[in-house]
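Have a look at the structure below, then the notes.
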Amino acid sequence: ANSAKHVEQLAQGVPPRATSSSWAPPMYVSKWLAAAFAAHGCRVIITVGEADREIARYCRDEKCMAVLGKDSDFFVLPLTGLYLPVDTLQLAPARGHGVSTVCAYGRDDVLRALGVSEVLLPLLASLVGNDFVDSLGLAPLHARLLQQGEEGAPLKAASGELISRVAREVSSACAATEWNGGCLVTPLLWDALDLMEQISTATRAEIETSLRQYELGPPGQGHLSCG
C-alpha cells in the first residue's frame, strides 16, 4: 500500500516523504561488517538467503547458550538454548552502576504458552504467516478462525488472538489425524484444517515449502566461514 502511494506521488510530481523504512544500507555493508568482526577475532558465518536456519544450526552444533536476534522464527526453529529478542536488550551505562538486562525465552515456556508440541511449531508458524507464505492466501483460514469480535467487529490479525486460535486449530486437527510433523501435510490433515478447500493449491505448496525451512538437517554439516 505504501509503495503504491509513493508511486502515485511521484507520478503527480510530489516527492514522497522520507521515512525510516525508506532507508537502504550502503552497498556491501554486510561484507564490511563481517570483515570488521573477523579482524577482531570473531568467527563470522556466511550464508546465502535467510540466516535464521544457519544460526540455529550453528547454535545446535556448538551447544550455544542462547541466540540474540530479531526474528520470530527463532521461537519456531529447534534451538537448544534460549532466544533473546534484541529489542528487549537494555545495556548498562558505560560508566557508573547498573546491569544489562534482556528477556529470555526458553523452549518449554514457548510451548506451554502456545499449547502445542514442538513438532507442530513449524505448521503453526506457517499457518499464522511468515516470510514464505503469502498472508493473502491464508486470509480465508484466518477469517474462519477469528470470525467476529465481542461487538461484531472482526478481530485484528495482528493480535495474539490469531496465534492462539491457529494454535488450537493445529493442535486439534493434528491430534484427530495423528499427524506428528514433517514437511508433507497429508490429505487427511488438509481435510481437517480446510474442509471447504478455501486455501489454494499454490498456498498449500507455500506452506509445505515453509515447513522445510525449519529443518536444520543432521548435526555436523559444515558452515561457510569468513576469517
Side-chain angles (χ1 to χ4, degrees), residues 25 28-133 158 160 162-164 166-167 170-171 174 180-183 209-227:
Y28 308 118
V29 64
S30 60
K31 291 180 171 51
W32 285 108
L33 287 173
F37 278 106
H40 285 277
C42 299
R43 184 180 180 188
V44 179
I45 306 298
I46 305 298
T47 184
V48 177
E50 291 283 339
D52 305 341
R53 184 165 54 173
E54 187 69 23
I55 292 171
R57 183 185 295 122
Y58 177 86
C59 290
R60 179 199 63 188
D61 294 350
E62 301 298 327
K63 297 179 174 57
C64 296
M65 181 187 75
V67 170
L68 178 66
K70 189 178 180 179
D71 197 312
S72 57
D73 279 340
F74 288 119
F75 286 114
V76 183
L77 287 160
L79 297 177
T80 54
L82 301 171
Y83 172 47
L84 314 176
V86 70
D87 288 343
T88 68
L89 178 62
Q90 298 289 330
L91 295 176
R95 296 180 181 178
H97 301 288
V99 295
S100 299
T101 62
V102 67
C103 290
Y105 293 90
R107 177 49 54 99
D108 291 342
D109 296 327
V110 172
L111 296 176
R112 192 178 304 111
L114 294 174
V116 299
S117 62
E118 185 169 24
V119 294
L120 302 186
L121 282 177
L123 181 59
L124 169 58
S126 302
L127 292 177
V128 168
N130 56 18
D131 294 337
F132 308 101
V133 184
L162 173 62
I163 297 176
S164 177
V166 174
V170 165
S171 182
C174 292
N180 293 312
C183 296
T209 297
S210 172
L211 294 177
R212 290 193 288 273
Q213 305 307 312
Y214 295 108
E215 288 196 335
L216 301 186
Q221 287 186 343
H223 307 277
L224 299 177
S225 300
C226 172

Notebook entry, point to check: Any side-chain heavy atom of Phe132 within less than 4.5 Å of one from Ser126?
Noted result: no
Next item on the list: Kindly compute the distance separating CZ (Phe75) from CD1 (Ile163), expressed to the nearest 0.5 Å.
Entry: 9.0 Å
Checklist line | Side chains of Arg43 and Tyr58 in contact at under 4.5 Å (non-hydrogen atoms) | finding: yes
Next item on the list: Flag the pair Glu54 and Arg57 as a salt bridge only when some basic side-chain nitrogen lies within less than 4.0 angstrom of an acidic carboxylate oxygen.
Entry: yes
Next item on the list: Provide the closest heavy-atom pair for Val116 versus Ser171 in the form atom of the first, atom of the second, distance.
Entry: CG1-CB, 4.3 Å
Next item on the list: State, to 0.1 Å, how close Leu114 and Ala167 come at their nearest heavy-atom pair, and which atoms those are.
Entry: O-CB, 3.5 Å
Next item on the list: Heavy atoms only: give me the nearest Leu123-Cys174 pair and the separation to one decimal.
Entry: CD2-SG, 3.9 Å
Next item on the list: Could you pull out the closest heavy-atom pair between Ser210 and Val133, with the gap in Å?
Entry: CB-CG2, 3.8 Å
Checklist line | Side-chain heavy-atom pair Gln90, Val102 within 4.5 angstrom cut-off | finding: no
Item checked: Minimum heavy-atom distance between Leu79 and Phe74, given as atom pair plus value -> CD1-O, 3.5 Å
Next item on the list: Return the set of residues passing salt bridge (charged side-chain N to carboxylate O under 4.0 Å, His left out) with Glu118 (not counting sequence neighbours), or none when no residue passes.
Entry: Arg107
Checklist line | Spacing of Asn130 atom CG and Leu124 atom CG [to the nearest 0.5 Å] | finding: 10.5 Å
Checklist line | Inter-residue atom distance Asp131.CG - Asp71.CG, 0.5 Å rounding | finding: 6.5 Å
Next item on the list: Starting at CD1 of Ile46, measure out to NZ of Lys31 and round the result to the nearest 0.5 Å.
Entry: 7.5 Å
Item checked: Pairwise distance CG(Leu216) to CG(Asp61) - rounded to 0.5 angstrom -> 8.5 Å
Notebook entry, point to check: Taking atom CG of Leu77 and atom CD1 of Ile55, what is their separation to the nearest 0.5 Å?
Noted result: 9.5 Å
Notebook entry, point to check: Does some side-chain heavy atom of Glu215 sit less than 4.5 Å from a side-chain heavy atom of Cys183?
Noted result: yes
Notebook entry, point to check: Run the side chain to side chain contact (heavy atoms under 4.5 Å, CB included) check on Leu89 and Leu68 step by step: do they pass?
Noted result: CA-CA 9 Å; Leu89 178 62; Leu68 178 66; 4.3 Å; yes
Notebook entry, point to check: What heavy-atom pair brings Tyr83 and Gly69 nearest, and what distance separates the two atoms?
Noted result: OH-O, 3.4 Å
Item checked: Close side-chain approach of Thr88 to Val86, heavy-atom, < 4.5 Å -> no
Notebook entry, point to check: Below 4.5 Å, heavy atoms only, C-beta onward: do Ser30 and Leu33 meet side chain to side chain?
Noted result: no
